[in-house]
Asker: 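Sharing a structure with you now.
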Amino acid sequence: MATEPRKPVKKRPAGTGTGTGTKRPASAGAGTGTKRPQGAGAGTKKPADKRPVNKKPASGRPVRQEEPVRRSEPPRKKKKPASVQKQAKKKRTKVLLFILEIFVLLIMVVVLYSVLKFEKVGKMDLQREELVINPEVEQKEETTMKGYWNIALFGVDSTTGALTKNTRSDTIMIASINQDTGDCKVVSVYRDTYLNLSNDSYNKCNSAYAKGGPKQAINMLNMNLDMNIEDFVTVGFAGLADTIDALGGIMIDIDSVELKHINNYQICMAEDLKRSYTPVTSTGYQLLDGLQATAYCRIRYGGGDDFKRTERQREVLLAIADKAKTASPATLNEIANAIFDKDEIYTSLDVSEILELLGGIAKYQVVAQGGFPEETRRTTGTIGEKGSCVVPLSLSDNVQWLHEFLFEDEEYSPSETVLQISDKVKSDTSGYVK
């Protein structure tokens, strides 16, 4: 199809000087009478021609019509792209912030999990005003007993999970921790010791737990022994067995007398706990699993009676502590899960205190252990209908020995309360013992 010839447009060569009456590309130099973008060189401004002009640059491509610039609105400056280094730095900052947020979130999840897990545990809030602490002891808390954390450890004769009361405490121990040095001393209080149950009735001391749970048992210890115990941990057979299993077992030396009885106790507990057992078939130093070690703690035959049994209990406790020192944090958490999630523990300790104990277990060292009443200051006898009891020859002398043993207080004088109980114990038992 034929097209109408276009009128030629007068063009100036690119980069020429100024001229009048002729429009030029924005890239051209300054001149008078020619419209150009704001910001170009100085010159005479001419009203813009509003008619469209079909104009081609030197390349022959059509030029888009330029919109007139409004004088009231200054041109916007284009943002310069950030340098590669700045972009990389900004990206790294975002990544670090994201990692930090994830880390904080993980901490919150762990804390929340610990709290929720601990809510399943038997927790007893003991208020100091509910506890019996002899007046003279409060003075010692600022002198010879200062810096010691005394905890009562109870092992109850229960396979059914009865940890609160209505069960006698087969095991009664006091763990005294020097918080400055990490040194720990452990004393077993013989369960058949004839003492005041903290309510002016006298009987075997393990019946205090059966009658009033850990609170009455702690009051019994504080009143008779001039102690200031405010915390306790109670476990049953299942809790002890699961703790040892979580550690991978403990090393114990089994003699021929113990070999005769350890499996009998295993059979009894396995039936009650509805779990299997592995018989111990030989004597010697060997690895025991949870049920085997718990059965070992219960042996009271073959000589030594309850005195020898408490030695075995302390031996197992020390073996657990030694094994825990070498355990990884994951293993310690497994131990917590093993006894906490199954309601196999009853305690006054809260989450932070338990985590503190587990976290600092490597620094604790058992430096001494013993039994109360002390061997040279005790006797045994059948005290009427109360049955066979361990009798302190002098309770006040034994309390004096205890404070020297635990707190290195060589000049300790028992409280007035202890002196009165000592006289009562002697009066009640003198007709039955030598």
Side-chain angles (χ1 to χ4, degrees), residues 131-141 144-145 148 150 152-154 168-169 171-176 185-212 215-229 305-307 310 368-434:
L131 300 176
V132 173
I133 298 178
N134 297 335
E136 293 89 339
V137 174
E138 294 181 350
Q139 298 176 3
K140 290 293 183 181
E141 288 178 336
T144 56
M145 297 174 72
Y148 288 89
N150 301 307
L153 308 176
F154 300 115
R168 289 177 180 257
S169 47
T171 301
I172 305 172
M173 292 187 192
I174 299 172
S176 183
K185 296 178 182 179
V186 179
V187 173
S188 296
V189 178
Y190 302 117
R191 65 174 193 168
D192 292 335
T193 305
Y194 188 83
L195 294 173
N196 188 328
L197 300 184
S198 79
N199 57 2
D200 290 331
S201 64
Y202 287 73
N203 207 325
K204 297 178 181 182
C205 66
N206 68 341
S207 60
Y209 199 104
K211 294 180 181 298
K215 183 167 72 173
Q216 184 169 343
I218 289 173
N219 285 339
M220 177 272 297
L221 293 172
N222 286 345
M223 179 182 286
N224 289 274
L225 277 56
D226 272 353
M227 293 298 296
N228 63 341
I229 299 168
D305 300 323
D306 193 47
F307 306 120
T310 59
Q369 57 169 308
F372 183 94
E374 193 269 331
E375 185 176 3
T376 64
R377 296 174 172 85
R378 72 180 184 230
T379 187
T380 59
T382 301
I383 313 301
E385 62 183 13
K386 308 293 175 60
S388 178
C389 296
V390 177
V391 179
L393 294 175
S394 168
L395 179 63
S396 59
D397 287 350
N398 275 283
V399 169
Q400 188 173 3
W401 166 85
L402 180 67
H403 280 253
E404 182 178 350
F405 177 79
L406 293 178
F407 313 117
E408 300 179 2
D409 187 354
E410 298 178 358
E411 299 179 356
Y412 184 77
S413 297
S415 67
E416 186 63 30
T417 300
V418 168
L419 293 176
Q420 292 175 3
I421 295 173
S422 184
D423 290 341
K424 174 64 173 172
V425 169
K426 184 175 181 179
S427 173
D428 288 353
T429 61
S430 60
Y432 300 97
V433 298
K434 295 180 180 181

Asker: Who are the salt bridge (Lys or Arg N to Asp or Glu O under 4.0 Å) partners of Lys424, not counting sequence neighbours?
Answerer: Asp428
Asker: Under a 4.5 Å cut-off applied to non-hydrogen side-chain atoms, are Ile218 and Phe154 in contact?
Answerer: yes
Asker: Suppose we screen for side-chain hydrogen bond (donor to acceptor under 3.5 Å, both in side chains). Which residues come up paired with Lys140, at least two apart in sequence or across chains?
Answerer: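 Partners of Lys140 by the side-chain hydrogen bond (donor to acceptor under 3.5 Å, both in side chains) criterion, ordered by chain and then number, come out as Asp409.
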Asker: Could you grab the distance from atom CD of Gln420 to atom OG of Ser396, nearest 0.5 Å is fine?
Answerer: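 If I round to the nearest 0.5 Å, the distance is 12.0 Å.
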Asker: Taking only residues two or more places apart in sequence, or in another chain, which ones meet Asp306 in a side-chain hydrogen bond (donor to acceptor under 3.5 Å, both in side chains)?
Answerer: Arg309
Asker: So which atom in Cys205 and which in Tyr190 form the shortest heavy-atom distance, rounded to 0.1 Å?
Answerer: SG-O, 3.2 Å
Asker: Output all residues satisfying side-chain contact (heavy atoms from CB on, under 4.5 Å) with Val186, sequence neighbours left out; order by chain, then residue number.
Answerer: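 side-chain contact (heavy atoms from CB on, under 4.5 Å) check on Val186 returns Met173, Cys184, Arg314, Leu317, Val366.
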Asker: State which residues pass side-chain contact (heavy atoms from CB on, under 4.5 Å) with Ser427; sequence neighbours excluded, sorted by chain then number.
Answerer: none
Asker: Between Ile174 and Leu225, is there a side-chain heavy-atom distance shorter than 4.5 Å?
Answerer: yes
Asker: With a 4.5 Å heavy-atom cut-off, do Thr380 and Val433 have their side chains touching?
Answerer: no
Asker: Holding to side-chain hydrogen bond (donor to acceptor under 3.5 Å, both in side chains), I want the full list of residues that pass it with Thr429, two or more places apart in sequence or in another chain.
Answerer: none
Asker: Would Asn134 and Asp226 count as a side chain to side chain donor-acceptor pair (under 3.5 Å) if you check the C-alpha gap in whole Å, the side-chain angles of each, and the deciding distance to 0.1 Å?
Answerer: CA-CA 6 Å; Asn134 297 335; Asp226 272 353; 2.7 Å; yes
Asker: To the nearest 0.5 Å, tell me how far Ile421 CD1 sits from Asp200 CG.
Answerer: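 CG of Asp200 is found 8.0 Å from CD1 of Ile421.
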Asker: Are Val425 and Tyr202 close enough, and set up right, to give a side-chain contact (heavy atoms from CB on, under 4.5 Å), and what steps lead you there?
Answerer: CA-CA 8 Å; Val425 169; Tyr202 287 73; 4.0 Å; yes
Asker: Taking side-chain contact (heavy atoms from CB on, under 4.5 Å) as the test, write out the residues that go with Ser430, two or more places apart.
Answerer: none
Asker: Please identify each residue that fulfils salt bridge (Lys or Arg N to Asp or Glu O under 4.0 Å) with Arg378, with sequence neighbours left out.
Answerer: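 Partners of Arg378 under the salt bridge (Lys or Arg N to Asp or Glu O under 4.0 Å) test: none.
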Asker: Once you round to the nearest 0.5 Å, how far does CG of Leu153 lie from OG of Ser169?
Answerer: 11.5 Å
Asker: With sequence neighbours excluded, what pairs up with Glu138 under the salt bridge (Lys or Arg N to Asp or Glu O under 4.0 Å) test?
Answerer: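 By the salt bridge (Lys or Arg N to Asp or Glu O under 4.0 Å) rule, Glu138 matches no residue at all.
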Asker: Any salt bridge (Lys or Arg N to Asp or Glu O under 4.0 Å) pairs touching residues 381-405, not counting sequence neighbours?
Answerer: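 Sorted result for residues 381-405: empty, none.
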Asker: Quick one: does Lys204's side chain have a donor or acceptor within less than 3.5 Å of a partner on Ser388's backbone?
Answerer: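 Pair found, side chain donor or acceptor close to backbone of Ser388.
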Asker: Working to the nearest 0.5 Å, report the span between CD of Glu141 and CD of Glu136.
Answerer: 12.0 Å
Asker: Applying salt bridge (Lys or Arg N to Asp or Glu O under 4.0 Å), can you list everything that pairs with Glu416, at least two apart in sequence or on another chain?
Answerer: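 Checked Glu416 against salt bridge (Lys or Arg N to Asp or Glu O under 4.0 Å); zero matches.
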Asker: Which value, rounded to the nearest 0.5 Å, describes the distance between Met220 atom CE and Ile172 atom CD1?
Answerer: 4.5 Å
Asker: Any chance you could measure Asn196, atom CG, to Ser422, atom OG, to the nearest 0.5 Å?
Answerer: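 The CG atom of Asn196 sits 12.0 Å away from the OG atom of Ser422.
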Asker: Aromatic rings Tyr412 and His403: how do their planes relate, parallel, tilted or perpendicular, breaks at 30° and 60°?
Answerer: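 Answer is parallel, since the angle falls under 30°.
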Asker: Considering non-hydrogen atoms only, spot the tightest contact between Ser198 and Gln216 and give its length.
Answerer: OG-CG, 3.5 Å
Asker: For the residue pair Thr171 and Arg191, establish whether any side-chain heavy-atom pair is separated by less than 4.5 Å.
Answerer: no
Asker: Give the minimum heavy-atom separation between Val187 and Gly371, together with the two atoms involved.
Answerer: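 For Val187 versus Gly371, the nearest heavy atoms are CG1-C, 4.2 Å.
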Asker: Do Met227 and Val137 pass the side-chain contact (heavy atoms from CB on, under 4.5 Å) test, and can you show the C-alpha distance, the side-chain angles, and the key distance before you say yes or no?
Answerer: CA-CA 7 Å; Met227 293 298 296; Val137 174; over 6 Å; no
Asker: To check you understand the geometry: which heavy-atom pair defines the closest contact between Thr193 and Phe372, and what is its length?
Answerer: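 In this case the closest contact between Thr193 and Phe372 is OG1-O, 3.9 Å.
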Asker: Checking side-chain polar atoms at under 3.5 Å, does Thr376 have a donor or acceptor matched by the opposite partner on Glu374?
Answerer: yes
Asker: Could you report the tightest heavy-atom contact between Pro392 and Asn398, atom names first, then the distance?
Answerer: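 Answer, listing the atom of Pro392 first, then Asn398: CB-ND2, 3.7 Å.
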Asker: Pro373 and side-chain contact (heavy atoms from CB on, under 4.5 Å): which partner among Val390, Leu395, Leu393, Val391?
Answerer: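 Looking at Val390, Leu395, Leu393, Val391, the match for Pro373 under the side-chain contact (heavy atoms from CB on, under 4.5 Å) is Val390.
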Asker: Between Asn224 and Val399, does a side-chain contact (heavy atoms from CB on, under 4.5 Å) hold up when you go through it step by step?
Answerer: CA-CA 8 Å; Asn224 289 274; Val399 169; over 6 Å; no
Asker: Taking all heavy atoms of Ile229 and all of Asn222, pick out the closest pair and write down the distance.
Answerer: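 What the structure gives for the nearest pair is N-OD1, 2.9 Å.
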Asker: Who pairs with Ser176 by side-chain contact (heavy atoms from CB on, under 4.5 Å), at least two apart in sequence or on another chain?
Answerer: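 side-chain contact (heavy atoms from CB on, under 4.5 Å) check on Ser176 returns Tyr148, Asn150, Leu406, Phe407.
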